[in-house]
Enquirer: 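So that we are looking at the same thing, I have put the structure below in structure tokens.
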Amino acid sequence: MNILIVDDDANARKTLGDILKANGFEVEEAATGSEGVRSCEAKFFNLVLIDVRLPDISGLEVLQAVRALHDEESVLIMITSYASLDSSLEAMNKGAFSYFTKPINIDAALVVITKGLEKQRLSLDNKRLFKELAEANKKLEELDKRKSYFVSNVSHEIKNPLTVIRESMKLLLDNLVGKVNPEQKEILEMGKRSTERLIRLASDLLDLQKIEAGMMDLRKEKIAMDALVWEVIQNFEIELFKKRLNFQKEIQANSGFLFGDRDKLTQVFINLLSNAIKYTPEGGNIVVKLEGNEKEIRFEIVDSGQGIPEGQREMIFNKYTRLMTEKQEGTGLGLPIVKEIVELHKGRVWVESEPGKGSRFIFTMPRDCRAEVPRLEQPRAVVPSVGS
Ligand code: ADP
């Protein structure tokens with residue numbers, strides 16, 4: 001530990017210097033303020049003792065000049081007489097650690113010096129740790145980027161051949177390359193369903209990487225929301241029927257237009273509806289509601305399934321946190337993607353649920369429709385349900 005004493009009184013410098021040396025410190029001396037600043041420019045001192053009254057510049061000026069010099073902070077202690085106590089207090093406000101009044105009580109001074117140096121050590125340790133942490137974080141970010149790039153590439157490479165397999169199966173199923181018998185048809189249907197699941201998984205992974213890279217963007221157009229919801233529902237009619245689900249639609253016929261991304265909003269409806277079907281036991285109930293006012297669209301999907309415990313309702317929208325107890329097939333990627341798409345549309349999505357009784361997923365979205373706001377009619381009567 002090295003200490004610089006800046007004092008024009010040669011005797012005082014020598015006495016203090018000798019005591020500090022006897023206590024294991026390396027000591028250098030400066031007789032004027034400018035000499036003190038020059039020494040500090042040349043190298044870092046752990047501690048600088050500065051006399052408030054110096055022949056050339058004031059001790060306060062020395063303090064400010066030294067403060068501005070190094071990244072690491074020297075511990076600065078003022079030496080003062082009672083007459084110049086005010087300057088020392090000002091120096092404390094400007095960053096001095098403490099001050100000694102003349103004649104210096106050496107035992108007390110050594111305690112203060114030790115405290116100052118200990119504080120400095122802790123602060124230097126902190127800085128070093130922060131630096132190490134920042135470097136480790138940078139490395140992790142780099143690795144994370146590489147991982148994302150790898151996952152995207154692999155997902156892409158998997159998705160393309162899978163699409164070819166699905167299309168080939170479709171050709172067979174449509175009897176375009178010869179007639180298939182009912183048994184072959186069943187096997188092909190099974191293969192097609194599994195292939196479609198894998199394609200969805202690859203697409204979800206690609207979407208997630210896009211979200212993480214902040215690169216998911218929207219291709220917005222004017223969309224009639226009721227028509228979009230009807231379209232999605234039609235694609236699920238067979239599944240609803242197979243599970244003998246009692247399905248109700250409360251779709252406000254003229255719920256109006258929304259300025260949004262058609263494919264991504266379709267994905268939101270598909271994810272929420274397929275979850276409702278997946279997590280509702282046979283013979284259960286599902287209700288889909290869509291309504292809108294001048295400002296926003298509100299969509300709800302209510303099911304009578306297993307429900308979601310309170311502590312997990314926020315978690316299910318987070319990436320990579322699929323509920324551990326889950327027995328159903330799935331990846332836990334659907335809802336994080338839903339959330340991202342809804343939020344990109346400046347909307348909000350959440351779930352209300354009573355475990356054992358069911359869940360209600362809700363999202364609202366501002367219309368943000370560049371076209372005219374439609375005049376709203378009264379909600380249409382509930383349309384007869386598919387499964388009932
Ligand atoms: P996945 O269904 O592939 O697991 P999701 O992100 O779509 O992924 O859903 C995350 C989790 O949220 C599910 O694993 C499930 O625990 C829970 N969940 C989602 N929808 C429902 C629902 N309608 N009823 C009960 N639990 C649900």
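In each ligand, atom 1 is the first atom listed, and ligand 1 is the first ligand listed.
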Enquirer: State whether Lys170 and Asp174 are salt-bridged, where the test is any N-O pair (Lys NZ or Arg NE/NH1/NH2 against Asp/Glu carboxylate O) under 4.0 Å.
Expert: no

Enquirer: Does Lys102 pair with Asp51 as a salt bridge, N-O distance under 4.0 Å?
Expert: yes

Enquirer: Is it true that a side-chain atom of Asn175 and a backbone atom of Val180 form a donor plus acceptor pair closer than 3.5 Å?
Expert: yes

Enquirer: Check if Phe361 has a non-hydrogen atom at a distance under 4.0 Å from any atom of ligand 1.
Expert: yes

Enquirer: My understanding is that we take every heavy atom of each candidate and find the minimum distance to atom 9 (O) of ligand 1. Doing that for Asp204, Ile277, Leu335, which one comes out nearest?
Expert: Leu335

Enquirer: I'd like to know if the side chain of Asn46 and the backbone of Asn2 have a donor-acceptor N/O pair within less than 3.5 Å.
Expert: yes

Enquirer: What are the atoms of ligand 1, with element, lying closer than 4.0 Å to any heavy atom of Lys278?
Expert: 1 (P), 2 (O), 3 (O)

Enquirer: For Ser359, counting its heavy atoms only, list the atoms of ligand 1 lying under 4.0 Å from any of them.
Expert: 24 (N), 25 (C)

Enquirer: Tell me whether the NZ or CZ atom of Lys222 lies within the 45° cone about the ring axis of Phe259 and under 6.0 Å from its centre.
Expert: no

Enquirer: Side chain or backbone of Gln312 under 4.0 Å from ligand 1, or both, or neither, by non-hydrogen atoms?
Expert: neither

Enquirer: So, regarding Pro336 and ligand 1 (criterion: nitrogen or oxygen to nitrogen or oxygen, under 3.5 Å), is there a contact or not?
Expert: no

Enquirer: Return the option from Asn318, Ile308, Val338, Leu333 holding the heavy atom at the smallest distance from atom 25 (C) of ligand 1.
Expert: Ile308

Enquirer: Please confirm whether Gly358 comes under 4.0 Å of ligand 1, counting heavy atoms of the residue only.
Expert: no

Enquirer: Under the 3.5 angstrom rule, does the side chain of Ser74 hit a backbone N or O of Phe45 as a donor-acceptor pair?
Expert: yes

Enquirer: Any N or O of Asp303 that comes nearer than 3.5 Å to an N or O of ligand 1?
Expert: yes

Enquirer: Please check if the side chain of His345 supplies one atom and the backbone of Glu340 the other of a donor-acceptor pair under 3.5 Å.
Expert: no

